[in-house]
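As structure tokens, the structure follows; a few thoughts come after it.
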Amino acid sequence: MIESTTNVKDIHDIIFTIREMSADEKTRYEAQMREKAIMDERSALTNSERRGFKKGIEKGKALGLEKGKALGVKEGLEKGKALGEKTGIEKGKIQSKIELVDNLVSNMNFDFETALKAANISEEQYNKCKSEQKGN
């Protein structure tokens, strides 16, 4: 309760202070709402960026996987072909040596060990190749 000794100026000061406090509260509330709006906007942008980044990563992975598969198949075919040719050539050389040993033994009366030396093939290689031939 305001005492009777309070003058009009004091009342005006009190009213001004009350209005200032109200204005400050209103200003604070408005500032808080602006700050909240800014934070909400930042959050929305951050979420959008994350979603966009995630989609970009997924698309990049899919595209990279697709290109990688195509490149891998091509390289695999090339390497497979090269390895197949090399293996075929090596088997052909060994087969020629086997035939040479057989011809030296049967047609030229070489003993088996001399024929192996002449063909530059080990007995182990000879036997392995012969057993593979019997298996086919």
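Within the structure, no pair that satisfies the salt bridge (charged side-chain N to carboxylate O under 4.0 Å, His left out) test touches residues 59-76, not counting sequence neighbours. Listed by first and then second residue, the ring pair (Phe, Tyr, Trp, His ring centres under 6.0 Å) pairs involving residues 71-109 amount to none (not counting sequence neighbours). Residue pairs meeting the side chain to side chain donor-acceptor pair (under 3.5 Å) criterion with at least one member in residues 84-97, sequence neighbours excluded: Q95-E99, Q95-Q133. The ring pair (Phe, Tyr, Trp, His ring centres under 6.0 Å) analysis of residues 43-71, with sequence neighbours excluded, yields no pairs.
Annotation: salt bridge (Lys or Arg N to Asp or Glu O under 4.0 Å) contacts of D111 (sequence neighbours excluded): none. Qualifying ring-ring contact (aromatic ring centres under 6.0 Å, His included) partners for F110, counting only residues two or more places apart in sequence or in other chains: none. With sequence neighbours excluded, no residue satisfies side chain to side chain contact (heavy atoms under 4.5 Å, CB included) with N109. In this structure L116 satisfies the side chain to side chain contact (heavy atoms under 4.5 Å, CB included) test together with V101, F112, I121, E123, Y126, sequence neighbours excluded. Shown here are the side chain to side chain donor-acceptor pair (under 3.5 Å) partners of E113, two or more places apart in sequence or in another chain: there are none. Checked against salt bridge (Lys or Arg N to Asp or Glu O under 4.0 Å), K130 has the following partners two or more places apart in sequence or in another chain: D102. Looking at residues two or more places apart in sequence or on another chain, you find a salt bridge (Lys or Arg N to Asp or Glu O under 4.0 Å) between K36 and D40.
Under the 4.5 Å side-chain contact rule for hydrophobic residues, I57 and L63 do not share a cluster.
Residue V73 belongs to a hydrophobic cluster whose other members are L77, with links defined by side-chain heavy atoms closer than 4.5 Å.
Counting heavy atoms from C-beta on, the side chains of N47 and R50 come closer than 4.5 Å.
Within a 6.0 Å radius of CE in M33, other residues, nucleotides and ligands contribute more than 12 heavy atoms.
L104 and A118 make their closest contact through CD1-CB, 3.8 Å (heavy atoms, listed as atom of the first residue, atom of the second, distance).
Rounding to the nearest 0.5 Å gives a distance of 11.5 Å between NZ of K134 and SG of C129. Atom CD in E41 sits 10.5 Å away from atom OG1 in T46 (nearest 0.5 Å). Rounding to the nearest 0.5 Å places CD of Q125 at 5.5 Å from CD1 of I94.
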